[in-house]
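The structure appears below as structure tokens.
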2 protein chains.
Amino acid sequence: MKRKPLEPTRLPTIVDVARLAGVSKSTVSNVIRDAACVAPAMRARVTNAVAALNYRPNVLARQLVQQRTKIFGAVAGDLANPFHAEMAKQIEQHAAAKGYRVMFVNTHADEVDEASLEQLLEYRVAGILFLAHAGMSERARLLVSGKLPVVFVTCSADWGDVVSGDDHRGAEVATRHLISLGHRRIAYFADPIVEDAADRARRAGYRAVMEEADLQPNVYRWRRSPPGLLRNNREVSPESLLLGERRVTAIFSSNDLGAIEILDCADRLGIRIPEDLSVVGFDDILLARLARINLTTVVQPQHALAELAIDTLSARIAGSLPTTPVRRTVELHLVVRGSTAPRSPE
Amino acid sequence: MKRKPLEPTRLPTIVDVARLAGVSKSTVSNVIRDAACVAPAMRARVTNAVAALNYRPNVLARQLVQQRTKIFGAVAGDLANPFHAEMAKQIEQHAAAKGYRVMFVNTHADEVDEASLEQLLEYRVAGILFLAHAGMSERARLLVSGKLPVVFVTCSADWGDVVSGDDHRGAEVATRHLISLGHRRIAYFADPIVEDAADRARRAGYRAVMEEADLQPNVYRWRRSPPGLLRNNREVSPESLLLGERRVTAIFSSNDLGAIEILDCADRLGIRIPEDLSVVGFDDILLARLARINLTTVVQPQHALAELAIDTLSARIAGSLPTTPVRRTVELHLVVRGSTAPRSPE
DNA sequence: CTGAAAGCGCTAACAC
DNA sequence: GTGTTAGCGCTTTCAG
């Protein structure tokens with residue numbers, strides 16, 4: 001009935017410490033968690049034993065008995081996207097500061113993967129952070145909805161708390177900047193890797209300002225494969241848009257990566273930035289600051305977003321939030337760099 | 001003696017499933033792990049019960065009793081660095097493919113943080129991957145050395161398995177490329193964020209080829225704060241190096257990020273790339289492919305590196321590797337883009 | 001203030 | 001094949 005003896009490399013357990021210190025398990029437990037007050041002499045004996053054995057508590061066992069983990073699940077967008085990578089880093093750091101570890105899972109082709117979500121549930125994560133995902137299946141939603149705390153960071157859904165920048169206002173500021181430089185033919189370029197709700201809000205901000213200024217909104221959408229530019233699902237050639245009499249003189253891109261693609265495209269077509277074309281991005285990834293890129297863009301404060309996200313998730317877990325989802329927004333501002341300039345006289 | 005009843009939101013356990021299916025725990029266990037062969041009828045009853053209750057096994061409990069986890073710890077360099085971010089993504093994906101989850105911890109100021117390592121040990125991770133860290137304290141080393149499988153990816157140490165590119169050869173190829181373009185005054189720029197052993201190997205490769213060609217090696221080092229350029233610990237002004245009679249005409253940077261800084265610096269000084277100065281990087285981060293950057297660089301195949309790293313770690317855990325550390329190397333090749341050109345006649 | 005004892009949810013012998 | 005049972009390492013009442 002006895003199972004075979006454990007391998008010799010076994011790590012010391014709380015009983016080993018208790019035995020060595022000549023006390024009971026509970027006393028050791030009390031010391032390592034410094035819970036109930038323990039007599040100084042006892043505490044010293046335990047501490048010595050811990051050091052002697054190089055004892056390290058097994059948090060898995062602890063979390064099993066406590067019926068809750070200190071692990072967050074995080075569903076990150078493609079980490080090859082610098083915005084997501086920077087965000088992931090900030091999330092990890094702020095979580096660690098609150099005593100949580102993070103298990104990251106990548107999205108697959110920008111779609112949240114159900115198997116990964118199930119894994120997170122099997123690990124009994126304390127909550128899930130969705131970082132800027134582009135989409136999620138209904139089945140994926142049902143998997144987690146209502147089962148554990150969820151916060152959407154830089155993206156949105158009605159079945160969890162939301163932490164994001166004020167996309168509408170950010171887009172307004174960007175568009176006003178271009179108008180104030182004298183531009184009138186200003187296009188909005190939607191990058192499909194931007195999450196839907198965020199894209200809609202940015203587009204709406206753009207539209208509002210354009211209409212307020214009696215200008216015609218022009219919305220285009222990148223298609224990644226095969227590469228192309230779409231307007232109302234109809235193919236548009238970049239040349240027709242960027243060259244010729246009725247070309248646009250300014251573009252507001254829904255993210256920095258898209259803006260940088262526009263720069264590339266302009267370079268190929270011999271269009272000078274910012275003399276011939278002004279470009280504004282969204283995010284302010286590190287990349288945007290490079291001298292060779294030098295992109296005017298709407299800053300998403302990643303540090304603040306990550307901190308707020310972690311705060312929200314911990315508060316939700318602690319039960320100190322209203323039952324209905326909260327929606328927290330941080331202010332966005334524009335940083336003007338070298339990719340925008342006054343419209344040149346024709 | 002009875003503890004207070006569990007909260008109503010309790011997730012179903014294996015006993016709940018067993019009760020509903022009218023079988024024993026073990027049978028359920030056998031079914032969900034499809035271990036021992038179970039009669040089809042039984043299996044169906046269990047499967048139904050699982051579905052009905054929406055049961056999901058608690059992997060923490062499983063891992064506790066099995067005395068081993070399916071979690072890897074990964075110590076990543078600064079994720080704001082695209083090379084690390086891309087590497088982290090690949091690691092996560094290959095680990096997932098082998099049934100492992102990854103807990104990432106960031107390095108703090110490029111130094112591996114002892115507290116984070118202790119956390120990983122407390123989670124009883126099955127192994128640790130060090131991804132391109134810049135340095136580690138002696139205490140940090142003692143914390144893990146010999147206690148569990150460790151693999152160094154894109155960095156090196158003698159107390160664990162190593163998976164990396166062939167840095168020496170990569171540097172040779174890069175240097176030969178510059179020499180073949182007619183350059184004679186070629187400098188090596190070391191970026192301090194590159195891990196020591198990798199930097200040494202790249203530098204050695206550079207040196208070897210330079211000496212073989214009877215050229216004088218010139219090694220410089222970036223300092224991040226305050227920004228500056230050092231040679232033998234003495235301050236060197238970029239102007240003196242890049243302008244004037246005895247200026248270098250080509251630079252080989254120990255990583256792409258450093259190479260991009262050189263581009264920035266050249267832009268500021270009015271030095272044209274590649275006409276006046278050729279630059280070669282190392283890594284081939286996504287960034288390097290942008291039209292505006294267009295960097296000639298040594299490609300580190302991240303996919304292959306990540307796969308090999310995960311293979312090595314799993315093999316080590318399975319005990320199918322020799323007791324002494326293994327060292328696995330992948331070939332590196334050069335991709336020629338627009339940042340290098342033949343030396344212009346003076 | 002300390003110790004005894006009852007589990008947390010699961011796996012793995014082993015007996016039937 | 002299936003059920004019984006003894007833990008994995010820890011926390012947490014509750015008695016003393």
Side-chain angles (χ1 to χ4, degrees), chain A residues 1-7 9-46 49-50 53-70 121-124 126, chain B residues 1-7 9-46 49-50 53-70 121-124 126:
Chain A
M1 189 112 344
K2 212 87 184 107
R3 56 173 54 194
K4 69 159 165 268
L6 294 157
E7 58 273 45
T9 64
R10 226 186 97 260
L11 291 168
T13 75
I14 200 169
V15 260
D16 298 322
V17 176
R19 196 163 30 224
L20 181 62
V23 299
S24 78
K25 282 172 21 151
S26 344
T27 304
V28 177
S29 178
N30 285 333
V31 169
I32 60 181
R33 291 175 301 130
D34 48 33
C37 27
V38 180
M42 282 267 113
R43 152 165 272 120
R45 265 165 56 200
V46 171
V50 164
L53 294 175
N54 209 338
Y55 168 73
R56 210 176 301 288
N58 181 331
V59 302
L60 261 39
R62 168 181 297 164
Q63 295 180 354
L64 178 62
V65 58
Q66 286 184 153
Q67 302 263 63
R68 66 198 148 79
T69 65
K70 294 285 251 175
L121 295 177
E122 292 188 355
Y123 274 97
R124 301 292 190 263
Chain B
M1 191 108 350
K2 211 86 185 108
R3 56 174 53 194
K4 68 157 163 276
L6 294 158
E7 59 274 44
T9 64
R10 224 185 99 259
L11 292 167
T13 75
I14 201 169
V15 257
D16 298 321
V17 178
R19 194 162 33 221
L20 181 61
V23 298
S24 79
K25 274 167 36 145
S26 349
T27 305
V28 178
S29 177
N30 284 334
V31 170
I32 60 181
R33 289 175 302 131
D34 47 33
C37 28
V38 180
M42 283 266 112
R43 154 165 271 118
R45 264 161 61 197
V46 171
V50 164
L53 293 175
N54 209 336
Y55 168 74
R56 208 176 301 288
N58 182 331
V59 301
L60 262 38
R62 167 180 300 164
Q63 296 179 353
L64 178 62
V65 59
Q66 287 185 154
Q67 302 262 66
R68 68 197 147 79
T69 65
K70 294 286 252 174
L121 294 177
E122 292 188 355
Y123 273 96
R124 301 293 189 263

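Numbers restart at 1 for each chain; the letters A, B, ... are given by sequence-line order, proteins then strands. Since this is a predicted model, take the numbers as computed values, not measurements.
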Value in whole Å for how far the [atom2] atom of [N] lies from [atom1] of [X]:
| X | N | atom1 | atom2 | value |
| --- | --- | --- | --- | --- |
| Q63(B) | dC10(D) | CD | C1' | 16 Å |
| Q66(A) | dG9(D) | CD | C1' | 12 Å |
| R45(B) | dG3(D) | CZ | C1' | 13 Å |
| I14(B) | dG7(C) | CD1 | P | 18 Å |
| K25(B) | dT4(D) | NZ | P | 11 Å |
| I32(B) | dA12(C) | CD1 | C1' | 13 Å |
| E122(B) | dT11(D) | CD | P | 11 Å |
| L60(B) | dC10(C) | CG | P | 11 Å |

Output yes when a side-chain donor or acceptor of R56(A) lies under 3.5 Å from a complementary backbone atom of E122(B), and no otherwise.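 No: the side chain of R56(A) does not pair with the backbone of E122(B).
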
On DNA chain D, does the nearest nucleotide to N30(B) precede the nearest nucleotide to L64(B) from the 5' side, or the other way round? Give the residue.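 This one resolves to N30(B).
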
Does R62(A) or V38(B) map to a spot on DNA chain D nearer the 5' end, using the closest nucleotide for each? V38(B)

For [N], take OP1 and OP2 only and decide whether either is under 4.0 Å from a side-chain N or O of [X].
| X | N | value |
| --- | --- | --- |
| R10(B) | dC8(C) | no |
| T13(A) | dG9(D) | no |
| Y55(B) | dC10(C) | yes |
| T27(A) | dT2(C) | no |
| Q67(B) | dG7(D) | no |

Presence of donor-acceptor pair under 3.5 Å, side chain of S26(B) and base of dT4(D):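 Looking at the base of dT4(D), it does pair with a donor or acceptor on the side chain of S26(B) (distance under 3.5 Å).
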
What nucleic acid atoms does V23(A) come within less than 4.0 Å of, heavy atoms only: base, sugar-phosphate, or nothing? sugar-phosphate

Given [options], which nucleotide is nearest the side-chain atoms of [X]?
| X | options | answer |
| --- | --- | --- |
| N58(B) | dT2(D), dC10(C), dC10(D) | dC10(C) |
| R33(B) | dC10(C), dA12(C), dT11(D) | dA12(C) |
| A61(A) | dC10(D), dT2(D), dT11(D) | dC10(D) |

Under a 4.5 Å cut-off applied to non-hydrogen side-chain atoms, are N30(B) and V46(B) in contact?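 Side-chain contact under 4.5 Å: no.
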
What is the distance from atom [atom1] of [X] to atom [atom2] of [Y], rounded to the nearest 0.5 Å?
| X | Y | atom1 | atom2 | result |
| --- | --- | --- | --- | --- |
| L60(B) | Q66(A) | CG | CD | 11.5 Å |
| L11(A) | N58(A) | CG | CG | 8.5 Å |
| Q63(A) | R124(A) | CD | CZ | 12.5 Å |

